[in-house]
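The basis for the numbers below is simple: all heavy atoms, side chains too, and nothing from hydrogens, waters or symmetry mates.
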Amino acid sequence: MTSTTLGTALSSEHRERLMRLAREVSVDAGTRLFEEGRRADRFWIIRTGTVTLDLRVPGRRPAVIESLGHNELVGWSWHFPPYVWHLGAEAMSPVRAWEFDADEVKRLCEEDPGFGRAVAVWVGKVTAQRLHAARVRLLDLYAPYGSGSAI
């Protein structure tokens, strides 16, 4: 478990505050949760199942960047203007998740600066991790052998 999963990223107090806004959802395998470039107005925390993140590559099929599972955040673009998805996401298996309305969470962040900072740090760490994963995956797929480094 990394510091970006729900169980380790937020204190129990902040986790409880966030979970008061959760709505349980089920998603069938093959369902697209969101598409790159569209409005980001919600996010999910996976309870069971797997979600893949992908990136459009001109002239090719979308490149799968990362697979996400239990307690991981799906979607960070809701937290940063202009609030559009930077990646796409698809359920690779049946998924049970907690879904959150981004506007409700942002309102709670504004009302409680301590909670807001904790959420911002969490989402920032997730964003950095996903950027690194995208870079490594794209180098793996498209760069000439030995042209890039994972660091």
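Both cation-pi conditions hold for Arg47 and Trp98: the charged atom is under 6.0 angstrom from the six-membered ring centre and inside a 45 degree cone around its axis.
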*Dump the intermediate steps for side-chain hydrogen bond (donor to acceptor under 3.5 Å, both in side chains) on Glu36 and Trp85, then the final yes or no.*
CA-CA 5 Å; Glu36 186 178 344; Trp85 297 116; over 6 Å; no

_salt bridge (Lys or Arg N to Asp or Glu O under 4.0 Å) assessment of Glu13 paired with Arg17_ = CA-CA 6 Å; Glu13 176 187 341; Arg17 291 201 72 194; 5.9 Å; no

*Check the pair Leu18 / Val105 against side chain to side chain contact (heavy atoms under 4.5 Å, CB included), numbers first and verdict last.*
CA-CA 7 Å; Leu18 179 64; Val105 175; 4.0 Å; yes

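Distance check, rounded to the nearest 0.5 Å: CD of Gln129 to CG of Leu73 gives 10.0 Å. Between atom CZ of residue Arg56 and atom NE2 of residue His86 there is a gap of 11.5 Å, rounded to the nearest 0.5 Å. Taken from OG1 in Thr31 to CD in Glu90, the straight-line distance is 8.0 Å, to the nearest 0.5 Å. Here the CZ-CZ distance, from Arg20 to Arg15, works out to 12.5 Å after rounding to the nearest 0.5 Å. Going from atom CD of Glu24 over to atom CD of Glu99 covers 11.5 Å, rounded to the nearest 0.5 Å. In this structure, OG on Ser11 lies 8.5 Å from CD on Glu16, to the nearest 0.5 angstrom.
The minimum heavy-atom distance between Ala29 and Pro94, with the atom names listed, is CB-N, 3.9 Å. Taking both residues in full, the closest heavy atoms of Val95 and Thr50 are given as CG2-O, 3.6 Å, listed atom of the first, atom of the second, then distance. Here the closest non-hydrogen pair linking Val51 and Val74 is CG1-CG1, 4.1 Å. Residue Ala91 comes nearest to Leu33 through the heavy atom pair N-CD1, 3.7 Å, listed as atom of the first residue, atom of the second, then distance. Nearest heavy-atom pair, Val126 versus Trp76, reported as atom, atom and distance to 0.1 Å: CG1-CD1, 4.3 Å. The heavy-atom pair separating Phe34 from Leu53 by the smallest distance is CZ-CD2, 4.4 Å.
The ring-ring contact (aromatic ring centres under 6.0 Å, His included) with Phe43 is formed by just one residue from the set Tyr83, Trp78, Phe80; it is Trp78.
Residues Glu66 and Val64 fail the side-chain proximity criterion, which asks for heavy atoms closer than 4.5 Å. Counting only heavy atoms from C-beta outward, the side chains of Ile46 and Leu68 approach each other to under 4.5 Å. A heavy-atom distance below 4.5 Å is not found between the side chains of Asp41 and Asp101.
In the hydrophobic cluster analysis, where Ile, Leu, Val, Met, Phe, Trp and Tyr join through side-chain heavy atoms closer than 4.5 angstrom, Met92 is grouped apart from Leu55. Hydrophobic clustering keeps Val84 apart from Leu87 (ILVMFWY residues linked when any side-chain heavy atoms are closer than 4.5 Å, directly or through intermediates). Under the 4.5 Å side-chain contact rule for hydrophobic residues, Val119 and Leu21 share a cluster. In the hydrophobic cluster analysis, where Ile, Leu, Val, Met, Phe, Trp and Tyr join through side-chain heavy atoms closer than 4.5 angstrom, Val123 is grouped together with Met19.
The number of heavy-atom neighbours closer than 6.0 Å to CZ of Arg32, taken from other residues, nucleotides and ligands shown, is above 12.
Using cut-offs of 30° and 60° on the angle between ring planes, the pair His14 and Phe115 is perpendicular.
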